[in-house]
*Asks:* 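Encoded as structure tokens, here's the structure I'll be asking about.
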Amino acid sequence: MILKKEFYERETITVAKQLIGKKLTRKIKNLKLTGIITETEAYRGRDDPASHAATNLTNRNQIMFGPVGMSYVYFTYGMYFMLNVVAKSKKQNAGAVLIRGIYPQDGIKIMIKNRGMKDVNKITNGPGKLTMAMNISMKENNLNLTKKSSIYISEGIIPKKIKKSPRIGITKAIDKKWNFSIMSKDYF
DNA sequence: TAAGAGATACTCT
DNA sequence: GAGTATCTCTTAA
């Protein structure tokens with residue numbers, strides 16, 4: 001079951017928490033790569049200084065102001081792509097959830113090849129790593145994740161325990177615990 | 001095993 | 001021109 005648009009049309013933080021344990025699918029031609037989402041972060045709009053959408057509309061962040069359930073891919077640190085899903089309630093002007101980590105399910109061999117390292121526990125446990133393993137780049141920006149296409153998110157497992165932490169790699173609003181994660185042993 | 005720094009290019013001011 | 005929602009390697013203990 002692919003998650004519908006309504007799933008994303010809620011408070012960004014709620015969506016971030018509920019995306020934990022869901023299944024991310026990436027299709028490349030006849031290849032299928034999937035993984036269980038293990039870590040997410042919520043980024044809101046004007047009320048969140050750490051968010052790209054904290055300032056006015058720009059070329060890069062405009063997707064965060066647009067329709068929910070779309071992908072928001074951007075480039076950072078000169079090397080890495082980040083994968084986000086637009087998610088916000090009707091009251092918010094903007095918002096998105098950063099997918100920070102997955103645990104590989106299908107197509108593990110391909111992901112190992114894309115990453116050039118063998119340890120399955122380390123090939124997709126970071127936002128820059130998973131986009132590399134799944135071959136995600138700016139071409140995957142602004143796609144509809146609620147439809148069966150080259151990327152989508154569907155029902156996965158019910159996580160046992162979700163951990164809350166401050167968000168990673170930011171300097172503003174570090175008091176907000178909007179990072180959610182599970183350990184692989186907490187899947188069931 | 002932990003800590004530190006370099007790589008590298010795009011976006012906004 | 002400065003800063004960045006990161007990763008990996010190197011070094012040292």
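Note that the coordinates shown come from a computational prediction; the quantities given were computed from them, not determined experimentally. Lettering of chains follows the sequences in order, A, B, ..., and the numbering in each one begins at 1.
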*Asks:* What is the distance from NE2 of His52(A) to C1' of dC12(B), rounded to the nearest Å?
*Replies:*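 Distance, rounded to whole Å: 11 Å.
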*Asks:* Side-chain contact, heavy-atom cut-off 4.5 Å: Lys88(A) with Val97(A)?
*Replies:*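 A side-chain contact under 4.5 Å is absent here.
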*Asks:* Are there more than 12 heavy atoms of other residues, nucleotides or ligands under 6.0 Å from atom CE of Met1(A)?
*Replies:* no
*Asks:* Judged by each residue's nearest nucleotide on DNA chain B, which is more toward the 5′ side, Met79(A) or Met138(A)?
*Replies:* Met79(A)
*Asks:* Among the candidates dT8(C), dC7(C), dA5(C), find the nucleotide nearest to the side-chain atoms of Met117(A).
*Replies:*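 Looking only at side-chain atoms, Met117(A) lies closest to dT8(C).
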*Asks:* Report the stems of DNA chain B as range-with-range entries sorted by first number; a stem here is at least three consecutive pairs, Watson-Crick or G-U wobble, both distances under 3.5 Å, and write none if there are none.
*Replies:* B:1-7 with C:6-12, B:9-12 with C:1-4
*Asks:* Would you mind telling me which of dC7(C), dT4(C), dC12(B) lies closest to the side-chain atoms of Asn59(A)?
*Replies:*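 Shortest atom-to-atom distance from the side chain points to dC12(B).
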*Asks:* Measure from CD1 on Ile63(A) to C1' on dA5(C) and round the result to the nearest Å.
*Replies:*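 Interatomic distance, CD1 of Ile63(A) to C1' of dA5(C): 15 Å.
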*Asks:* Measure from the side chain of Tyr77(A), starting at C-beta and using heavy atoms only, and say which of dT8(C), dT8(B), dT6(C) lies closest.
*Replies:*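 Of the candidates, dT6(C) comes closest.
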*Asks:* Can you spot which of Arg100(A), Arg167(A), Lys176(A) makes a salt bridge (Lys or Arg N to Asp or Glu O under 4.0 Å) with Glu41(A)?
*Replies:*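 When Arg100(A), Arg167(A), Lys176(A) are each tested with Glu41(A), the salt bridge (Lys or Arg N to Asp or Glu O under 4.0 Å) holds only for Arg100(A).
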*Asks:* Give the C-alpha distance, both sets of side-chain angles, the deciding distance and a yes or no for side-chain contact (heavy atoms from CB on, under 4.5 Å) between Lys23(A) and Glu155(A).
*Replies:* CA-CA 6 Å; Lys23(A) 192 165 82 173; Glu155(A) 292 293 344; over 6 Å; no
*Asks:* Rounded to whole Å, how long is the line connecting atom CZ of Phe75(A) with atom C1' of dT6(C)?
*Replies:*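 Checked: the CZ to C1' distance equals 11 Å.
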*Asks:* Need one value for Gly78(A): base, sugar-phosphate or nothing, where a base atom within 4.0 Å counts as base even if backbone is also close, heavy atoms only.
*Replies:* base
*Asks:* Round to the nearest Å and state the distance from Asp48(A) atom CG to dA5(C) atom C1'.
*Replies:*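 Answer to the nearest Å: 10 Å.
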*Asks:* Are Tyr43(A) and His52(A) packed together at the side-chain level, in the sense that at least one heavy-atom pair is separated by less than 4.5 angstrom?
*Replies:*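 Of all side-chain heavy-atom pairs linking His52(A) with Tyr43(A), none is under 4.5 Å.
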*Asks:* Specify the separation, in whole Å, of atom CG of Asn141(A) and atom P of dT11(B).
*Replies:*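 Atom-to-atom, Asn141(A) to dT11(B), this comes out as 10 Å.
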*Asks:* Considering only dT8(C), dA5(C), dC7(C), which nucleotide approaches the side chain of Arg115(A) most closely?
*Replies:* dT8(C)
*Asks:* How many whole angstroms separate atom NZ of Lys172(A) from atom P of dC12(B)?
*Replies:* 14 Å
*Asks:* Provide, to the nearest angstrom, the distance between the CZ atom belonging to Arg44(A) and the P atom belonging to dA5(C).
*Replies:*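 The distance from CZ of Arg44(A) to P of dA5(C) comes to 18 Å, rounded to the nearest Å.
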*Asks:* Contact class for Ile168(A) (heavy atom, under 4.0 Å): base, sugar-phosphate, or nothing?
*Replies:* sugar-phosphate
*Asks:* I want to check something: taking the side chain as every heavy atom from C-beta on, are Ile151(A) and Met134(A) in contact at a cut-off of under 4.5 Å?
*Replies:*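 SC-SC contact between Ile151(A) and Met134(A) ruled out.
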*Asks:* If I take atom CE from residue Met111(A) and atom CD from residue Gln105(A), how far apart are they, to the nearest 0.5 angstrom?
*Replies:* 8.5 Å
*Asks:* Which atoms form the tightest heavy-atom contact between Ser150(A) and Leu143(A), and what is the distance?
*Replies:*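 Taking every non-hydrogen atom into account, OG-CD1, 3.5 Å.
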*Asks:* Assign Arg60(A) to base, sugar-phosphate, or nothing according to its heavy-atom contacts below 4.0 angstrom with the strands shown.
*Replies:* sugar-phosphate
*Asks:* Return the nearest nucleotide to the side chain of Thr55(A); candidates are dT13(B), dT8(C), dT11(B).
*Replies:* dT13(B)
*Asks:* Separation of Leu130(A) atom CG from dA5(C) atom C1', in whole Å?
*Replies:*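 Those two atoms, CG and C1', are 13 Å apart.
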*Asks:* State whether Thr76(A) places a side-chain N or O below 4.0 Å from either non-bridging phosphate oxygen (OP1 or OP2) of dT6(C).
*Replies:* no
